[in-house]
Amino acid sequence: MQEKKEFREKNIKNKEKRTGLRLRGWIQALFFAFSNGYLAGYLNAKIYRGQLKQICVPGLNCYSCPGALASCPIGALQSLLDSKKFHFSCYIFGFFLVVGGILGRAVCGFLCPFGWIQDLCYRIPIWIPKRVPDTLRWKLERMNKRKHLPGHKVLIWLKYVILAVFVILLPMTVMTEFGAGVPWFCKLICPSGTLFGGIPLVLLDEALAANAGGYFLWKVTLLALLLSTSVFVYRPFCKYLCPLGAVYSGFYKISLFRLKLDESLCIHCGKCSKTCLMGVDPEHGKNRQECIACGDCQKSCPTKAISFWPKGKDTFSS
Amino acid sequence: MKHSIIRRTLIVCGIGLMVLGIYRGEAAMIWQKAVYVCLECIGIG
């Protein structure tokens, strides 16, 4: 009887968790469709040229994607900094203050197309055939679905270095021989541009395909590496490389939608930190800058001490 | 309360900076760049 009761309770909890995941997944899918809704671009291999491109979307969404209706804030920032006209972008920094102040890294959890792709990759089950020898099986099982890469504590600082070097310093200082600036993050790293812009355009446009060379190969390799890693490790790009995540993480203490803990309700069971795939420890307030507001900790909390809504009680001491 | 004041101040400053940026022609410049395929962004340039 007791076993039956436990089984039923577990099933209800799993169902609640699945529903939460589905809701977030739907929001991510809808926002992806909304920000990449220019279907004619995919049909004609042309990008959208309307006035909406003066506006930025909150997530990493390449403006050279055939479906993109608005601009990417990181791409826009680089294009302004590498021009000789502006050395400081009021528009983009203002945009970061507004979006970061309201949503913080909830943008990563709900509104970033590349974050959604990584979420989908992580949901791919890893199947190990029965014929695999035990020694290899053991190794494969150890690889199976982990939260972080080895060296996580150091690697999370890499995104701040990428923000400072590839998004700000290099575009401002290093020019081509003709005096034109280069968006270095887009050129060398951005997997979102490769996935949503580069690959579709190269497939649709013969002239672009003919010019795809070493840089394209490098970016496709990096994209393949990141997506394959995403099957085993949760959101490696967001955790270690994304400059936009680095910007929004600065708002973790003040943003309207942020992790809030009511310490009077907390029973210190540690379920929240075990559940969190981003490595946040809500109970002790550690790594809060990594929180993407996915809500997994909130669902796992038996006393409902965690909330993300603006009116939630926040008694973090830090 | 303190966080709320800081947040509101930053959001107001952010809106002000965005308006200033639009006035300086930054949004128009973003549009000028975004309406052409950025070859560097897609890994070709």
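So that the names make sense, note that chain A is the first sequence line, chain B the second, and so on, each numbered from 1.
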Does any heavy atom of chain B fall under 4.5 Å from the side chain of A/Q51, the backbone, both, or neither of them? both
Short question: side chain of A/D205, backbone of A/L201 - any donor-acceptor pair under 3.5 Å? no
Checking heavy atoms, do the side chain of A/S79, its backbone, both or neither come under 4.5 Å from chain B? both
Would you mind telling me which of A/S89, A/G213, A/P200 has the largest number of heavy-atom pairs within less than 4.5 Å of chain B? A/S89
Keeping A/R105 on the side-chain end and A/Y248 on the backbone end, is there a donor-acceptor pair under 3.5 Å? no
When the 4.5 angstrom heavy-atom criterion is applied to A/F96 and chain B, the contacting part is neither
Honestly, the part of A/L52 sitting under 4.5 Å from a heavy atom of chain B is neither
Could you point out which residue of A/T194, A/V167, A/L226, A/I162 forms a side chain to side chain contact (heavy atoms under 4.5 Å, CB included) with A/I189? A/I162
Under the criterion side-chain contact (heavy atoms from CB on, under 4.5 Å), I'd like the reasoning laid out for A/I306 against A/L259: C-alpha separation, chi angles, the key distance, then a yes or no. CA-CA 7 Å; A/I306 296 172; A/L259 176 66; 3.5 Å; yes
Look at A/G193, A/G101, A/S255 and state which one has the largest set of heavy-atom pairs under 4.5 Å with chain B. A/G101
What residue, out of B/K2, B/Q32, B/M18, has the most heavy-atom pairs lying under 4.5 Å from chain A? B/M18
Non-hydrogen atoms of chain B under 4.5 Å away: do they reach the side chain of A/I102, the backbone, both or neither? both
Considering only heavy atoms, which portion of A/F95 lies under 4.5 Å from any heavy atom of chain B: side chain, backbone, both, or neither? both
Salt bridge check, A/K85 against B/E26: does any charged N sit closer than 4.0 Å to a carboxylate O? no
With chain A as the partner, which of B/C13, B/G16, B/C38, B/A34 has the greatest number of non-hydrogen pairs under 4.5 Å? B/A34
With a 4.5 angstrom heavy-atom cut-off, which part of A/L256 approaches chain B: side chain, backbone, both or neither? both
Please flag which part of A/I55 lies under 4.5 Å from any non-hydrogen atom of chain B: side chain, backbone, both or neither. neither
Heavy-atom pair of closest approach, residues A/W184 and A/Q78: N-OE1, 3.2 Å
Chain B heavy atoms under 4.5 Å from A/S192: which part of the residue, side chain, backbone, both or neither? neither
Relative to chain B, which segment of A/K219 carries a heavy atom at a distance below 4.5 Å: side chain, backbone, both, or neither? side chain
cation_pi(A/K187, A/Y215) dist<6.0 Å, angle<=45: yes
Evaluate the side-chain proximity of A/C291 to A/F308: yes if any heavy-atom separation is below 4.5 Å, no if none is. yes
Proximal component of A/K46, with respect to chain B [non-hydrogen, under 4.5 Å]: neither
Look at the aromatic rings of A/F32 and A/F196 and report parallel, tilted or perpendicular, splitting at 30° and 60°. tilted
Determine whether A/F31 and A/V107 make a side-chain contact, defined as any pair of heavy atoms from C-beta on separated by less than 4.5 Å. no
Could you tell me whether a side-chain N or O of A/S71 sits under 3.5 Å from a main-chain N or O of A/K53, the two making a donor and an acceptor? yes
Can you say whether A/V202 sits under 4.5 Å from chain B via the side chain, the backbone, both, or neither, judging by heavy atoms? side chain
Toward chain A, the part of B/Y36 with a non-hydrogen atom under 4.5 Å: both
